[in-house]
2 protein chains.
Amino acid sequence: MKKEITIYDIAADVGLSPTTVSRALSNHPRVKEVTRNKILHAAKNMGYQSNIFASSLRKRRSKSIGVIVPRLNSAFQSSVLAGMEKIATQAGYNLIISQSMESLEKEISNTKIMFNSRVDGLLVSKAGTTDNIEHFQPFFQKDIPVLFFDRVPENNHCTGVVINNTQAIYDATAHLIKEGCKRIVHVLGNLQINVYADRLKGYKYALMDHGFVFNADNVFTNELDEDSGERIVEKILKLNPRPDGLLVSNDTSAASCLIALKKRGIKVPEDLAIVGFNNDLISRMVEPNISTINYPSYHMGEVAMKNLINHLDDENQEILQKTNTITLRSALIIRDSSNRKH
Amino acid sequence: MKKEITIYDIAADVGLSPTTVSRALSNHPRVKEVTRNKILHAAKNMGYQSNIFASSLRKRRSKSIGVIVPRLNSAFQSSVLAGMEKIATQAGYNLIISQSMESLEKEISNTKIMFNSRVDGLLVSKAGTTDNIEHFQPFFQKDIPVLFFDRVPENNHCTGVVINNTQAIYDATAHLIKEGCKRIVHVLGNLQINVYADRLKGYKYALMDHGFVFNADNVFTNELDEDSGERIVEKILKLNPRPDGLLVSNDTSAASCLIALKKRGIKVPEDLAIVGFNNDLISRMVEPNISTINYPSYHMGEVAMKNLINHLDDENQEILQKTNTITLRSALIIRDSSNRKH
DNA sequence: TAGAAGTATGCAACCGATTTCAATACATTT
DNA sequence: AAATGTATTGAAATCGGTTGCATACTTCTA
C-alpha cells in the first residue's frame with residue numbers, strides 16, 4: 001500500500017507545525033489568510049486526504065447516523081430513506097442503513113452494530129415483534145439520541161415522528177359510512193405494532209360515533225403482501241351478511257383484494273367499497289383507483305432526520321428530550337374505489 | 001460524557017497488559033484459554049465497547065462498504081439494496097448508502113464522501129448523466145475495489161454485474177413480432193445509460209432478424225415515471241399507421257401507458273400489445289397484467305456484494321480484476337398485455 | 001543437563017488528527 | 001518607553017487499539 005499523505009507531511013512541506021495545518025484545514029479562524037492558502041494549496045498538490053478515523057477517534061464523533069428499518073424493499077420505507085438521505089448528506093452526515101427483517105433478534109443485533117459503529121444518532125422503525133426497547137439502553141446511557149419513526153414503541157421517553165393513525169382510519173371509516181356502508185371489514189397487520197393498534201382504535205371510535213356496534217368478526221390481521229387478496233376475500237365472503245366496505249391497511253394488499261374481488265364478479269365500489277393506506281403508486285394505477293390515506297413518507301424521512309441533526313448540532317439537547325411526538329399531516333384521498341355517487 | 005472503558009482499564013483490572021487484552025478480544029491464538037476467558041469475562045462485566053476508530057486507524061480498514069444509487073425510492077433499487085444489506089451484514093460489513101439523484105455532480109460529491117469515509121469497497125449504479133468515470137480515480141489509485149451494477153460505464157476495467165439488456169429486449173421484440181405486431185414502438189430512458197443503449201440494440205437486431213426495417217420515428221426517449229403514459233400515448237397516436245406494439249423500458253411507465261390507452265378506448269392487447277420491463281409489482285396488478293422482463297434485482301444485490309466482499313476478504317485481488325462482467329439471467333414473462341391468442 | 005523449540009505475555013512504537021496551554025510576534029494605548 | 005492587548009503559531013499530550021520485537025517460562029530433544 002502506498003504511503004498516505006498526513007498533516008505532518010504537509011507541515012514539513014510548508015515549514016509549519018501540524019497544529020497550524022490542522023487548523024487551516026478545518027477553517028479555524030486563528031490562522032492567517034496567507035498561511036491558510038499556502039497550506040490548502042500544498043494539501044491539494046500533495047493529494048492530501050483527511051483521515052476520518054484519526055479525527056473521529058480524537059473528536060469522539062463519527063458524523064454518521066444509523067437507520068434501522070424493517071425492510072429496505074418497501075415502497076414506503078425506501079421513500080422515507082430517500083428523504084433522510086437528502087437531509088443527512090446536506091448536513092455532512094453519512095447514513096449507515098440496516099434492516100431488521102421484522103425480527104426482534106436481528107433488530108437487537110443491528111442495534112449493537114450501530115452502537116459499536118458509534119453512530120452519532122439512531123433512527124428506528126421497529127420490527128413487528130419488538131415489544132420492548134431494552135436493547136437501546138446503551139444509547140440512552142451514553143446520551144446518544146434515538147428517534148423513532150412510523151413504528152414507535154409505546155410508553156417511552158423517546159421522540160417519535162408519526163402520523164395520526166387513529167384519526168386517519170377514523171376518517172376513512174366515517175367516509176365509508178357516509179357512502180352507505182353497513183358492514184365494514186378492517187384488515188390490518190400485527191397488532192403489536194402501534195401503527196395497527198392505533199388504526200383499530202380509529203375504526204372502533206368511528207363506528208361508535210356513528211351508531212354502529214363493533215364486531216370483532218369484522219377485523220382480520222393478515223400479512224399485507226401482494227398475495228393477500230385471495231386469502232382476505234375468501235374470509236370476507238364467508239361473512240353473513242356480506243360486508244359492503246373494506247378498509248385495508250396498505251395499498252398493495254388493497255389492490256390485491258380488488259383483483260380478487262373483480263375475479264369473483266363483485267363490483268367495486270357498488271357491492272363493496274375499498275379504502276387502502278399509504279397512497280402508493282399502485283393505488284393510482286389499478287382500476288378503479290383506490291381511495292387511500294396519503295402518507296407523507298418522504299417528508300417523514302426529512303423531518304425525522306432534521307430533528308435528529310438539529311439536536312446533534314445545537315448541543316441543544318433539551319429540545320428533543322422535551323418533544324415527545326411529532327405528528328405529520330395525513331389525509332384521506334377519495335377515489336373511485338369508494339365513491340358511490342355517479 | 002461518561003468515561004469510556006478501554007482495554008487499558010481491563011488490563012488494569014485483570015492485571016495483564018493491554019497487548020494481551022487486545023489479543024484476547026480479537027481471538028488471537030497466542031493467548032492461553034484461561035487468560036482469554038478471564039479477559040472476556042472482565043470485558044463483559046465492565047461494559048467494554050471496542051473503539052472502531054482506534055481500530056480502523058491502526059488497521060487501515062473500515063469494515064464498511066459504500067453504495068451509490070441514482071435514487072433510493074425506486075422499487076428496483078430498494079430491492080437491490082435489500083439483497084446487498086443481507087450479504088454485507090452477514091459478512092460483518094456496514095453499508096453506507098447515498099443517492100446521486102441522477103446528477104453527475106452529486107455522484108462526484110458522493111464519491112468523494114465515500115472515499116473520505118474510507119470505505120473498503122464501493123458499489124455503484126451510475127447516474128444518468130455520468131459519461132466518464134474520472135471521479136473514481138482515487139479509488140483505482142489506492143486499489144480500493146469499485147464494482148458497478150445495472151448501470152455500468154462503457155469501456156472500463158471495472159467489474160460490472162448486469163443483465164443482458166440487449167437479449168432481453170431482443171426477446172421481447174421477437175415475441176411481439178410473433179404476436180403479429182407490424183409496427184413496434186420502443187420507449188426508453190436516457191441513451192447515455194448502457195442499459196437503454198443496449199436495449200435499443202436488441203430492438204434493432206430483432207427487427208432486422210425478422211425482416212423489418214428500423215425506423216427512428218418508432219423510438220422515443222422519455223422520463224419513465226408514473227405520469228409518462230399520457231405523453232407517450234399522445235406521441236404514439238400521431239404516428240401513421242398507428243403502432244400495434246409497445247415496448248416500454250419500465251413497468252411503471254408501461255402501466256401508465258396502459259391506463260392512457262384504455263382511457264382512449266384503445267384495446268390492449270388487441271389494438272396494441274404492451275411489454276414492460278422489471279417485473280415490478282405493478283405489472284401483476286393492472287388489468288390486463290403486463291408482460292415484462294423479470295429483472296433479478298434482489299439477486300443482483302446479493303451477487304454484487306458477494307463478489308466485492310470475496311475480493312476484500314481473500315486478498316485474492318486478481319479474481320475481480322480478471323472478471324469483467326457478471327451477467328445474471330433475466331427472462332421474458334408473457335402475460336395478457338401482449339398475449340393475443342384467446 | 002545443556003540447548004532447542006515452543007508457548008505466553010509485555011514493551012513501546014505506531015496509526016493521524018485535535019486541542020490545551022503557552023510562547024512569540026506584532027500592534028495599540030497610555 | 002512601557003504596558004497592555006491581540007493575532008499567529010507551536011510543543012506535546014491525547015484519543016484507544018494493534019503489532020513487531022523482546023522476554024520469560026515450559027517442555028522436549030540429544
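Order of the sequence lines fixes the chain letters, A, B, ..., with proteins taken first and strands second; residue numbering starts at 1 for each chain.
- Across the protein-nucleic acid pair, B:R61 atom CZ and C:dG16 atom P stand 16 Å apart, rounded to whole Å.
- A straight line from CD of A:Q49 to P of C:dG16 spans 11 Å, rounded to a whole angstrom.
- Around the NE2 atom of A:H41, the shell of radius 6.0 Å holds no more than 12 heavy atoms that belong to other residues, nucleotides or ligands.
- Take the nearest nucleotide of DNA chain D for A:H28 and for B:F53: the residue whose nucleotide is more 5' is A:H28.
- Here the side chain of B:N307 pairs a donor or acceptor atom with the backbone of B:V303 at under 3.5 angstrom.
- Panel note: side chain B:S125, backbone B:V69; no donor-acceptor pair is recorded below 3.5 Å.
- Considering only heavy atoms from C-beta on, A:F149 comes within 4.5 Å of A:V80 through its side chain.
- Here the P atom of nucleotide C:dC15 and the CG atom of A:N51 are 11 Å apart, to the nearest Å.
- Backbone-only engagement by A:S55 is indicated by non-hydrogen atom pairs under 4.0 Å involving sugar-phosphate atoms exclusively.
- In this structure, the CZ atom of A:R60 is 19 Å from the P atom of C:dA17, given to the nearest Å.
- If you take CG of B:D9 and P of D:dG17, they are 9 Å apart, rounded to a whole angstrom.
- Contact check for A:I96 versus A:I113: no side-chain heavy atoms found under the 4.5 Å cut-off.
- Rounding to whole angstrom units, CD1 of residue A:I52 and P of C:dT18 are separated by 12 Å.
- The nearest whole Å value for the distance from the CG atom in A:L57 to the P atom in D:dG17 is 9 Å.
- Under the 3.5 Å distance criterion, with hydrogens and angles disregarded, a donor-acceptor pair is assigned to the side chains of B:N94 and A:S117.
- A:N27 has its CG atom 12 Å from the P atom of C:dT18, to the nearest Å.
- Checked against C:dT18, C:dG16, D:dG17, the side chain of A:A54 finds its nearest nucleotide in C:dG16.
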Review point. Run the salt bridge (charged side-chain N to carboxylate O under 4.0 Å, His left out) check on A:E4 and B:K142 step by step: do they pass?
Key: CA-CA 10 Å; A:E4 295 272 335; B:K142 273 184 71 182; 2.9 Å; yes

Practice item. Starting at the 5' end of nucleotides 5-13 of chain C, put B wherever the base has a protein heavy atom under 4.0 Å, S where only the sugar-phosphate does, and a dash everywhere else. Key: ---SBBBBB

